[in-house]
Amino acid sequence: MKLLEYEAKEIAKKYGIPIPQGILIERPEQVNEAIEELGLPVVLKAQVPVAGRGKAGGVKLAKDPDEALEKAEQLFSMEIKGYPVLSVLVEKAENIKRELYLSFTIDRANRRIIMLASGEGGMEIEELAKEKPEAIIKLPIEPEIGLKAHEAREVGKKIGLSGNDLRQFEHIAKSMYKIFIDYDAELVESNPLAITDRGLVALDFRMIVDDNAIFRHPELEAARERELTETEKVAIRYGFFYVELDGDIGIIGNGAGLTMATMDVVNYYGGKPPNFLDIGVGARRDRVKAAVRLLLRNPRVKVIFVNIFGGITLASEVALGIVEALKETEIKKPIVARIVGTAEEEGKKILQEAGIPLFESMDEAAKEAVRIAKEVAA
Amino acid sequence: MKLLEYEAKEIAKKYGIPIPQGILIERPEQVNEAIEELGLPVVLKAQVPVAGRGKAGGVKLAKDPDEALEKAEQLFSMEIKGYPVLSVLVEKAENIKRELYLSFTIDRANRRIIMLASGEGGMEIEELAKEKPEAIIKLPIEPEIGLKAHEAREVGKKIGLSGNDLRQFEHIAKSMYKIFIDYDAELVESNPLAITDRGLVALDFRMIVDDNAIFRHPELEAARERELTETEKVAIRYGFFYVELDGDIGIIGNGAGLTMATMDVVNYYGGKPPNFLDIGVGARRDRVKAAVRLLLRNPRVKVIFVNIFGGITLASEVALGIVEALKETEIKKPIVARIVGTAEEEGKKILQEAGIPLFESMDEAAKEAVRIAKEVAA
Amino acid sequence: MVVLVDENTKVVVQGITGRYGKFHAEKMMKYGTKILAGVTPGKGGQEVLGVPVFDTVKEAKEKFPEINTSIIFVPAAGAADAIIEAVDAGLELIVVITEGIPVHDSLKAIRYARNKGSVVVGPNCPGVITPGKAKVGIMPEKYFTPGPVGIVSRSGTLTYEIAYQLTKRGIGQTTAIGIGGDPIIGLDTVEAVKLMDQDPETQVIVVIGEIGGDAEERLAAAIKRGEIRKPVVAYVAGRTAPPGKRMGHAGAIISMGAGTAESKVRAFREAGVPVADIPSQVPDLVEQVLKK
Amino acid sequence: MVVLVDENTKVVVQGITGRYGKFHAEKMMKYGTKILAGVTPGKGGQEVLGVPVFDTVKEAKEKFPEINTSIIFVPAAGAADAIIEAVDAGLELIVVITEGIPVHDSLKAIRYARNKGSVVVGPNCPGVITPGKAKVGIMPEKYFTPGPVGIVSRSGTLTYEIAYQLTKRGIGQTTAIGIGGDPIIGLDTVEAVKLMDQDPETQVIVVIGEIGGDAEERLAAAIKRGEIRKPVVAYVAGRTAPPGKRMGHAGAIISMGAGTAESKVRAFREAGVPVADIPSQVPDLVEQVLKK
């Protein structure tokens, strides 16, 4: 779950990390009050839970009040990667001498937390990793002892820091590591972490918290809600996993791997799925019904392809869910199904009686779905 | 630093530990409102930062409103081990089936955290340790992995728990351990941890937080202040260590060991020190002056015995502090001094010029102080 | 010999009194897996499916010293504790079915297990099956048959799908290991493949990968270095998935530049591993290898 | 041989640019202690008292591989980190002068040091002196003279007091170790006494205890078990101190039933250790033992 910048910065501040002076506004007009308090120039930053905001035009510098208002209005009218801009963080512009990068994340392969630092901040780390991998210093952390101050300091030296900057870097790294642990984070990142007139300042600060650990951080529930589109919220209510994409062949599968494979097969035969919808483990008819209704209501979806391999999930429950969804909705769309596994026979019977075409293999089913989608589109 | 019961219980609640429903009152009359909300019977508990409150009469049961008011009035008029009762926690009485003991503390000898549990709660653990040591189960904790749930459960079985009580015990133990770590605690204790109609409930809950770690818990500063008598607050402001005792020979030393030894010597020669006053490491004249003034103003003190072994502390600074304190106060009291170490000669000269008797050995100085105290008293 | 589980596997089920735990314990027993005991804190002394329930794994192990394996169905908040408990009881293999375990908890418990020498499979995995001998997991067993193919998979239902397609073609399996889809898992792809590589009965190893992480890239590198001697056939799910979005519980998320399907497929091909575009090509590729 | 420090001790001073650090570094150098380098993060490249300052202990050790000892004057909030840094640099002896270190920090750093084989003296201690050879500490050196008595003390100024009284009587010391008064310390009373016991030059061991903890009781038990062969003479400060109150920084607090002066004195006497009632009796007791 991604926190918004201002939320992450509030946490950073609590842990003693220097951040720019800033005020959150929720309407463009409020920018004037903010400027009165902060002075000029200011940086206006759209608060959206996605990376790459800068490139998408979500960060703007303003040198006078008119420019600030104009840019605030621009930002509030934007939508960045599907998220409307509901709030803007107005920050006093800092005098930047140099930009650094610092983050903590999980190194899956080695099953440990790792610190990444670079003397070249500002660029997205993925790009930097491609273009200049030698500029990224990696520090693996022993969980038993945590981040060692002297190792953080040694990294600071490697990225060219000395004197007070070096001391501050050590301090900020320790604070970020503590945040990483205290908040069950998957990522804590400052990019850029800038050297300014007043020392090191975390110009940007990002946090991703483990969704599975939200129960330990109930205060962050709101952030999780916000990250979801309306449809994804419905999905969460019913307990399935839903990601919206472009395309016209609605996919329902069970299990992330099988659902992704189903998308791959549809794609292989020339179709394009508009979503990822995994009904999860042990889905009962209600959940399946909600999933089917969701796709029926999505105007992009021309045909629905249900691909189930029953293990814990009963094929019969899936079949009942599909049939009930069709009965209760006005919208009619063609459905193609392939069902194998636990309670396979019962499930097949239910679908046959409802007139839904059944296939033995996912390849055949996918081909048929692609054919129908093209037919409907034509 | 000892938290008050209600403060510790607020933390316990935040960590999911069941506690009795309770309301804090600051005037006896408020007990009626509390009863209206809680119902009867209630337990009234004086909020003082000391152990052994129950024995001192600081906990009272009330079955009707009149009794509650009467007992509240009694409590608010009490002073327990030197602390006036400024607030009382009114709690709904629980139906107790059995009392357990559970605590976390530091095992100095083995340099680790230890969990102590007993099926026999209610009694002070020190007494239990003397009378029935076999009833206390000790579980050392590996810091790298923390309290293991299954080990807590095994302890629960050893003290006779099963079923839901066992599960709850495991949960409470894990929460208490987490509090211990999160709050830099020296002690987290529930005694009694009671088995009631509604499962396990922490009837009492105590916490001692490491004074040296208060900088990480600024929200607890208030608690630290409260724990001190007025005179001790003065001491903290000037940076020395002061503990009030009974007796008439005021002691000023440097270093805890030497100051305690000085008290021991005075005691050995038949005197009684009214305080422990360690001016600490590297004291300068201001601190010494404040220390001397503190003892001059203490009516119990008949004579002051200054015993300094200068290392970092300069004897000359100590001497100047004494002389300045004497100059600036109206109150005159005899002073006996023994000064050795860094800048010894200068210090001696300053004291000699001020007419303060000087001794080579602490034994001689102590004998003289005892003699003077007896003379003044007679 | 087969991998990880066989007729000598003696199992304790942690979380046996829960709905899933009980359901799958029963299915495993029917398959012939030797389940000797269950553990649910606070329910010691009860009996479920004819086996005794204990409050702790230690007690179960004291009663049945031959227990060497645990399967964990404990809810997410307590699953890491359950792993640590199984490690402390000295069990060799710990299969963790539970999904949704906080990643910091997994980090701690799995590191602990590895330091103490216990093998953890999972979490968030379907378990391990050695067809005809033992199943310590939740997979629908009827799609698995004995034979020469070892399966190592990060996925659940997709593993069943591919085993089913192999079985339909008459190609059985030595052992199938679902290593789990979480960001932090115990036995990883490379380690699982190496176990298969050392198993004399396994002739081909099918690896079912997915987007996210760099397990497939690391396996390809190990193959390139000559650390795996047996032929490997691969499939990578998620070529159509967009970057930066989490695809279901599986933790299939692409970030930090690595972990795209393209990067994985490329790495496999460079290591000489044939990669199926879609699951139905896997049996063809396996057949080609077996014929050689 | 003498204990812990001697002419082969090569020192780095962590926190050398601070007021205390510099003051005591100078005094140590004057005493003849070989100080080769200082460390203060962010002040690397400077020079203090003629020795180079580095940003890290590692750099100091790279420049002067013969460094085997550190003395730490770093402020409390960073002192545990400084200990860990010295351990990672492979130093054998780490003397921690800093007082006021949070006890959870000390727990972690000292456990780390012990696991890695470094000896920590302190924290909150006056250090170690081997009269005439080396001083790695803050004690006023002139009250210490070479001789046959080993001193192990939990106290600072009281150690100087007792050394002074011994010296006035013409009884010198092999080594005096101030082990520190914090609840959690590195080298403890029993370990320090055992080091003295193994030192061929030490003939009598003076132990200066104080209220709180159970170090003295444990030493008495070790003596009873025959683990210490040399005669021990003890003094315990705080007989007059009330229970439940903390006496200064020293962490001398009595709780949990143990740690009273009475309990310690009784334990010593039961182990056959003569105990002084007041410091001035210590030289008498030592003389009696030396005469035997």
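Every chain is numbered from 1, with letters handed out A, B, ... down the list of sequences.
Taken to the nearest 0.5 Å, the OG1 atom of C/Thr157 stands 7.0 Å off from the CG atom of A/Asp278. Once rounded to the nearest 0.5 Å, the distance linking CG of C/Leu107 with CG of A/Asn110 reads 11.0 Å. Here A/Asn212 contributes atom CG and C/Asp182 contributes atom CG; the two are 7.0 Å apart, rounded to the nearest 0.5 Å. How far OH of C/Tyr164 is from CZ of A/Phe309: 6.5 Å, rounded to the nearest 0.5 Å. One distance of note links CD1 of C/Ile278 with CG of A/Asn267; it measures 10.5 Å at 0.5 Å rounding.
Contacts of A/Tyr269 with chain C are made by side-chain atoms alone, with heavy-atom separations under 4.5 Å and no backbone atom involved. Both the backbone and the side chain of A/Asp264 come within contact range of chain C, judged by heavy atoms closer than 4.5 Å. Using a 4.5 Å cut-off between heavy atoms, A/Glu144 touches chain C through its side chain atoms alone. In this structure, chain A has no heavy atom under 4.5 Å from any part of C/Val190. Heavy-atom distances place both the backbone and the side chain of A/Asn254 under 4.5 Å from chain C. With a threshold of 4.5 angstrom between heavy atoms, C/Ile162 does not approach chain A through any atom at all. Residue contact with chain C, scored on non-hydrogen atoms closer than 4.5 Å, is absent for A/Phe240.
Around NZ of A/Lys348, the count of heavy atoms belonging to other residues, nucleotides or ligands within 6.0 Å exceeds 12. With a 6.0 Å radius and a threshold of 12 heavy atoms from other residues, nucleotides or ligands, C/Lys168 has its NZ atom above the threshold.
Across A/Ala109, A/Gly255, A/Gly253, A/Ser361, the residue that shares the most heavy-atom pairs under 4.5 angstrom with chain C is A/Ala109. Contact tally against chain C (heavy-atom pairs below 4.5 Å) for A/Ile181, A/Thr259, A/Thr342: the top residue is A/Ile181. Between chain A and the options C/Val103, C/Leu158, C/Ile208, heavy-atom pairs under 4.5 Å are most frequent for C/Leu158. Listed options C/Pro102, C/Pro140, C/Ser155, C/Pro279 were ranked by heavy-atom pairs under 4.5 angstrom with chain A; first place goes to C/Pro102. Top candidate by heavy-atom pairs under 4.5 Å with chain A, chosen from C/Met139, C/Lys108, C/Arg114, is C/Arg114. Taking C/Glu161, C/Arg239, C/Lys142 one by one and counting their heavy-atom pairs under 4.5 Å with chain A, the maximum is reached by C/Glu161. Counting heavy-atom pairs closer than 4.5 Å to chain A, the top-ranked of the candidates C/Ser106, C/Gly186, C/Ala215 is C/Gly186. No other option in A/Arg216, A/Arg112, A/Met362 has as many heavy-atom pairs under 4.5 Å with chain C as A/Arg216. Note: C/Ser280 leads C/Gly156, C/Ser280, C/Gly209 in heavy-atom pairs under 4.5 Å with chain A.
Contact detail for C/His104 and A/Phe180: the closest heavy-atom pair is CE1-O, 3.2 Å. The heavy-atom pair separating A/Gly341 from C/Tyr143 by the smallest distance is CA-OH, 2.7 Å.
Interface residues of residues 20-27 of chain C toward chain A, defined by a heavy-atom distance below 4.5 Å and sorted by number: C/Tyr20, C/His24.
For A/Arg108 (side chain) and C/Asp214 (main-chain N/O), no donor-acceptor pair under 3.5 Å exists by modelled atom type. Checking side-chain atoms of C/Tyr160 against main-chain N and O of A/Val340 turns up no donor-acceptor pair under 3.5 Å.
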